[in-house]
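Structure first, commentary second.
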Amino acid sequence: MFAAPAAASADPDARLLALLIETRAAHAAIVRAYNEAEDMPADAVLAPLYARLDAARDEMAATPARGVLGALAKAARIADNLSDNGSHGEPGYTLDCNDAPVGASLAADLARLLPVGVQA
């Protein structure tokens, strides 16, 4: 399992960047498992790989960005998901439901970091 350096965990934005790297590494491991299998990979092979990806995504969604860098890490996760979603739909048109909490968290971060007032 991925373990971030202690210094990174103190800074939410550094942690979000580490989690982005972890999601990319977990996804690459899943792709390798599919590419290396003659048939569909066994659940015993895939389950820990998907659990690793899910844990990183869940932590991303639960970690508020401190600044724009953290928000960009979440936006990059959403972009990764959209660009890869060709196996589930049309790339760029669908967001895996497992990344929806990251999107909602990003929206909350942006509302907090970049407040836009409405004047009557």
Side-chain angles (χ1 to χ4, degrees):
M1 185 62 91
F2 175 76
S9 62
D11 177 5
D13 288 356
R15 182 68 185 141
L16 287 166
L17 286 172
L19 288 165
L20 173 62
I21 292 166
E22 174 62 5
T23 61
R24 289 177 173 175
H27 182 262
I30 292 166
V31 170
R32 270 192 312 279
Y34 278 102
N35 289 341
E36 292 172 357
E38 291 183 23
D39 293 317
M40 181 73 160
D43 286 344
V45 172
L46 292 176
L49 300 177
Y50 278 106
R52 177 182 172 196
L53 177 60
D54 289 344
R57 285 193 293 212
D58 291 348
E59 189 176 342
M60 280 188 97
T63 304
R66 183 187 59 151
V68 175
L69 189 60
L72 284 173
K74 290 181 184 184
R77 174 64 213 153
I78 298 300
D80 287 350
N81 183 280
L82 287 171
S83 67
D84 178 59
N85 233 359
S87 61
H88 305 290
E90 292 294 323
Y93 293 98
T94 58
L95 180 65
D96 184 313
C97 64
N98 294 316
D99 270 308
V102 176
S105 178
L106 172 61
D109 289 339
L110 292 175
R112 182 175 38 76
L113 294 169
L114 305 168
V116 177
V118 177
Q119 300 203 3

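We're numbering straight along the sequence, starting at 1. These numbers come from a predicted model, not from an experiment. These numbers come from the heavy atoms of this one structure, side chains and all, not from hydrogens, waters or symmetry mates.
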Between [X] and [Y], what is the shortest heavy-atom contact and its length?
X	Y	result
M60	A73	CE-O, 3.6 Å
A62	P64	O-CD, 3.3 Å
L113	A71	CD1-CB, 4.3 Å
A56	T23	CB-CG2, 3.6 Å
V102	A61	N-CB, 3.9 Å

Does anything in residues 100-109 form a salt bridge (charged side-chain N to carboxylate O under 4.0 Å, His left out)? List the pairs, not counting sequence neighbours.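 Sorted pair list: K74-D109, D109-R112.
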Less than 4.5 Å apart, any side-chain heavy atom of [X] and any of [Y]?
X	Y	result
R15	E59	yes
Y50	N98	no
N81	R77	yes
L82	I78	yes

Roughly how far, to the nearest 0.5 Å, is the [atom2] atom of [Y] from the [atom1] atom of [X]?
X	Y	atom1	atom2	result
D39	Y34	CG	OH	12.5 Å
D54	D99	CG	CG	9.0 Å
L53	I30	CG	CD1	5.0 Å
L20	D80	CG	CG	6.0 Å

In the hydrophobic clustering (ILVMFWY, side-chain contacts below 4.5 Å, transitive), which residues join L69, or is it alone?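 Members besides L69, by chain and number: L17.
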More than 12 non-hydrogen atoms from neighbouring residues, nucleotides or ligands closer than 6.0 Å to CG on D43, yes or no?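 For D43, atom CG is not crowded (no more than 12 foreign heavy atoms under 6.0 Å).
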Check: D13 side chain, A65 main-chain N or O, donor-acceptor pair, under 3.5 Å: no
Donor-acceptor pair, distance only, cut-off 3.5 Å: does the side chain of S83 make one with the backbone of A79?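 Such a contact is found between S83 side chain and A79 backbone.
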